[in-house]
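Nothing here was measured: the structure is a model prediction, and the numbers come from that model. Counting begins at 1 with the first residue of the sequence. The figures here come from the full heavy-atom set of this structure, side chains too, leaving out hydrogens, waters and symmetry mates.
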Amino acid sequence: MDYSGFHGPASTSEVFVGRESELRALRECAERAVAGQLWFVLVEGPAGSGKSWLASRFTAGLPEWTVWSTRADPSEGDLRFGVVSQLVAHADRAWLGGLRAMESEPNPQTPTFTVGAQLLQLISEAQEAGPLCLVLEDLSWADSASVEALGFLLRRLDADRVLVVVTARDEEDEGIGSGAWRRWLTALNRTTRLRLAGFSVEDVIALGRQSEKTLSPAAASRIVDHTDGNPLYVHEILTEVPASGLPHTAAVPLPRTVAEAVQGKLTKLQSSSRGLVDALAVLDARVSLVTAARVAGVTDAASALEPLLAAGLVRWWPAEPTSPIEIRHRLQREAIYESMSPVARRKLHAAAVSVVDANSVWLHRVAAADSVDAGLADELEVVATGLLDDGQPGRAATILLWAADLSATRTEHERRLLDAAQVLSQNLTLVGRALTLEGAIEQCTPSAQRTYLLGRLAMVKGDLATAEALLAEAYAASCDRPELTRVAGAAAGELIGLFTWQGRSRDAIDLGSTTLRFIPPAVRPIAIGNVAHCVLFEEGPAAALRRFAEITSLGETGRDVDRSEVDLLVHRATIHLLGGSITEAINDLASTLRLSRDGALVNQETFAYHLLACAHYVRGSWDDSAVFADRAVVLAETTGAPWEYVPAYSAAAMIAAGRGNWSGAEQHAHAAEQYFQNIGPPQFLVFPVLASTMLAQARGDHAGMWRALQPLTVPVNVSGWTAAFEPWWRPLMAEALIGTDRLDDATVTLGRMDELATSVPYLRTGVAWLSGWLAEKSGDHATALSRYQAGTAMPVPEDSSLLYRARLEQAYGRFLVRRHGMRRAGIEWLRTAQERYAAMGARPFLDTCSRELSARGMQVDSQPTDPLSGLTDREREVATLISRGFLYRAAAKELCVSVKTIEYHIGNAYAKLGIANRADLVKRLAAARGE
């Protein structure tokens, strides 16, 4: 397959009429991109409406631009990163150095996030030469890995001189998988949507004129009425119109469909021309004239080509050395292929085997077979096994299905069919294909594997009762049979996941105790993680870590981890975080991301970023927390794993609220709530509750906090993840109760919080703050003073909650000033809290503290203590990295944005801060720290 995209104008017979308003809109979008305003254009229309013609005509008018183009093909929908490979082919090979996922072409085993991030670096390089136009044709047919990688890329572009033109058929003409990217693209406020209508009468007359054929308005009107103005259909008819024109009388018949029009042309071709176009239909690619002629067995290729060009069936690039040709449109190709006899097809497919690339050879060998072929089926199975090892499950399943069709016995046919279905069903991006095989699976002879697959598909469809019954049946039928260990392990893994999802932790733990050893390696880390999490839910972090150590071989540092076990690091980091071992959690997550950058496939990568956002939030590194929360949201939106949306948006709401970004916090909190309501599971209740509660906390709205926490006052809701995150929501509940004068309830809640602090040490600071405040509100000033003094005397280790520490210092300072007559000491504690809030960028808390100082008659600097407070979130992130010594390219890589975006935001930051360069920025931040 030639991956070089558009190749400029084809033969001189190409004609183009109409579409002036669409071209004008595209040129306006290009002007925005030149000015540094990223813009998207979605060109939609039915098959044959001229989407490719419009894109080609538009890009031909961009001489000062770099144009990178791709064209997805439904026959390659299972070729992982097939469309991305087309983009990479445009890049200067020198740019690929250091990009491990791109050194030749994208490695199929590389995570889509990593490929998207490295594509972003290539886009940055390409923009150095000027504005860039990305043309993504027929995106709905792209392989899912490419769609995810491109989705990440497009979401990370910002202040870039890039125009993205996407073409796609109308939604009703497309299959599964097109909806997510289309919804995202059309929701943007920088997307222009163009829907191509049919040609007008004037367009048809002009098209005839360009083809040197005269059409009366009546004749043109008849063509428009007959074809709905479909450009391809019109073109097919006009190539058959005599130079004198088309009579308008209805007595002259018109072809009823594009296929019928193509058939009419084929009947008029000489045998050599028909053979050449048939070969092109079989090859289904842009190939050299010599290659097509070789497959067709044509000796005079040039003479055979001429009638095909005149008939408008073929495009030709005569300026290129190999004179490549291809059928003009997929509808024409389908009509030509359907018109061929089975014998002719088989012979041409056999001839194609010697000229196509390795990705296509098996398709042609299968198509050339005219009966069952046990030998070929065996070969295909070996190839499928290799593809699975290489990280190409979609392609492997396709080839297994071909092998099933060629199998000589029913037993072999069913075995290969079920194996293909199992490959598809265990991959989230491919499970839709597995569902299309459900009927065929049901027709197979009853077996443990068949039962397992039907149970797996029932779970995908949300029929959990049926899923559990079938999976339990499959496990019972296979657990004592060594030859069915793979099925037993797969069924056990699914059941453990089902129990975990439903909050049945004890059932998951019990099943895992006897089955983890024979669960297939590909899914064993997920099962281990589920069991460890269930122990966490039931028995707490310490017991979960002990169980984790018993069932894994991970070292304490997380180094030297086998790539197949990288997800185990995420699971262990979760336990560390919820047990208060923040540094150890961050270390495990850092190892996870390092392995991901090196090409390891991390199924839990989105959750890893959510955990990092949470860990840095606790430690007060809110700039880092914001970066990781942003990454979690982008990954969740890109990969589309439903369960990842809720925690990702929750983390984003948390940090946005803490920084006073009210609109962002409200948006993210609403998204977390909506996804929880639509997707669940019930035990994820804690995430939207945390988002809403922490938004109310940042606003100082204790009644709002209490309202948001109401679901957690129902004991049945406190299980699973909600129970595991108790160290997060219990202090919020205590704060809400004290703030709303529910002091008796607050006493009980603080008692439970004190218990939690024995295993989560950073809570001790929170206990000191809240118990001092409770005593103060109860009128027990002696106890309040004692608690505040004890809390502020505690050291501030690395795994502290700096927000709790600042809240404690602020409460103590306020208490000393108000109740104890120690104004000077109280003001010092308030200033200490103020500085801590400023360092975190905790704007709402900083403002509250500054107001308290002002109310005590203390002069508060007109310049805020936080020197970056006037910047947007993105400007702040960029400025923070630049101040730490990051060069622009390194900062772009760290934030997963383009270099142009870094240049744009740091320029804005310098202007707002009234400084000129990095040195000034470093001085400004050092001065704010008192250095």
J.: Kindly say whether the aromatic ring centers of Phe548 and His571 come within a distance under 6.0 Å.
T.: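 Between His571 and Phe548, which both carry aromatic rings, the centre distance is not below 6.0 Å.
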J.: What's the separation between atom CG in Leu808 and atom CG in Leu803, rounded to the nearest 0.5 Å?
T.: 11.0 Å
J.: Answer yes or no: is there an ion pair linking Arg884 with Asp624, defined by an N-O contact shorter than 4.0 Å?
T.: yes
J.: In terms of heavy-atom contacts, does CG of Asn678 have more than 12 from other residues, nucleotides or ligands at under 6.0 Å?
T.: yes
J.: Let me confirm one number: the CG-CD distance from Leu770 to Glu735, rounded to the nearest 0.5 Å.
T.: 6.5 Å
J.: Between Glu565 and Thr552, does a side chain to side chain donor-acceptor pair (under 3.5 Å) hold up when you go through it step by step?
T.: CA-CA 9 Å; Glu565 297 184 319; Thr552 71; over 6 Å; no
J.: Any donor-acceptor pair under 3.5 Å linking the side-chain atoms of Glu776 with those of Tyr788?
T.: yes
J.: Does Arg874 come within less than 4.0 Å of Asp630, counting only side-chain N to carboxylate O?
T.: yes
J.: Would you list the atom pairs, donor with acceptor, under 3.5 Å between side chains in residues 525-547 and any protein atom, with sequence neighbours excluded?
T.:
unit_1 : atom_1 : unit_2 : atom_2 : d
Asn530 : ND2    : Ile526 : O      : 3.3
His533 : ND1    : Gly529 : O      : 3.3
Glu539 : OE2    : Arg506 : NH2    : 3.4

J.: Above 12 or not: heavy atoms from other molecules or residues under 6.0 Å from CZ of Arg659?
T.: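 Above 12, so yes.
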J.: Looking at side-chain heavy atoms only, is the closest gap between Leu593 and Leu612 below 4.5 Å?
T.: yes
J.: Are Glu644 and Tyr649 linked by a side-chain donor-acceptor pair shorter than 3.5 Å?
T.: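 There is no such pair between these side chains.
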J.: Within the structure provided, determine whether Trp728 and Leu578 are in side-chain contact (heavy-atom separation under 4.5 Å).
T.: yes
J.: Under a 4.0 Å threshold between the charged nitrogen and the carboxylate oxygen, would Arg851 count as salt-bridged to Asp847?
T.: no
J.: Salt bridge between Glu726 and Arg752, side-chain N to carboxylate O under 4.0 Å?
T.: yes
J.: Please report the interatomic distance CD(Gln683) to OG(Ser719), rounded to the nearest 0.5 Å.
T.: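 Gln683 CD to Ser719 OG: 6.5 Å, rounded to 0.5 Å.
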J.: Could you tell me which non-hydrogen atom of Gly658 sits nearest to which non-hydrogen atom of Pro844, and how far apart they are?
T.: O-CD, 3.1 Å
J.: Taking atom types as modelled, is there a side-chain donor on Ser692 or Glu673 under 3.5 Å from an acceptor on the other?
T.: no
J.: Starting at CH2 of Trp829, measure out to CZ of Arg814 and round the result to the nearest 0.5 Å.
T.: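 Between atom CH2 of Trp829 and atom CZ of Arg814 there are 14.5 Å.
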J.: Would you check if the distance from the ring center of Trp662 to the ring center of His668 is below 6.0 Å?
T.: no
J.: Taking the six-membered ring for Trp and the full ring for Phe, Tyr or His, determine whether the centres of Phe607 and Trp721 are under 6.0 Å apart.
T.: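 Under 6.0 Å, so yes.
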J.: For Tyr837 and Gln810, run side chain to side chain donor-acceptor pair (under 3.5 Å): C-alpha distance rounded to whole Å, both residues' side-chain angles, the deciding distance at 0.1 Å, then the answer.
T.: CA-CA 10 Å; Tyr837 290 138; Gln810 181 182 357; 2.6 Å; yes
J.: State, yes or no, whether a side-chain contact exists between Thr638 and Phe113 at a heavy-atom distance under 4.5 Å.
T.: no
J.: Got a second to check how far Leu774's CG is from Arg742's CZ, nearest 0.5 Å?
T.: 14.0 Å
J.: I need the Thr880 OG1 to Asp623 CG distance, nearest 0.5 Å.
T.: 3.5 Å
J.: Tell me if the aromatic rings of His610 and Phe687 count as close, with their centers under 6.0 Å from one another.
T.: yes
J.: Taking only Lys NZ, Arg NE, NH1 and NH2, and the carboxylate oxygens of Asp or Glu, determine whether Glu809 and Arg805 approach each other closer than 4.0 Å.
T.: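 So Glu809 pairs with Arg805 through a salt bridge.
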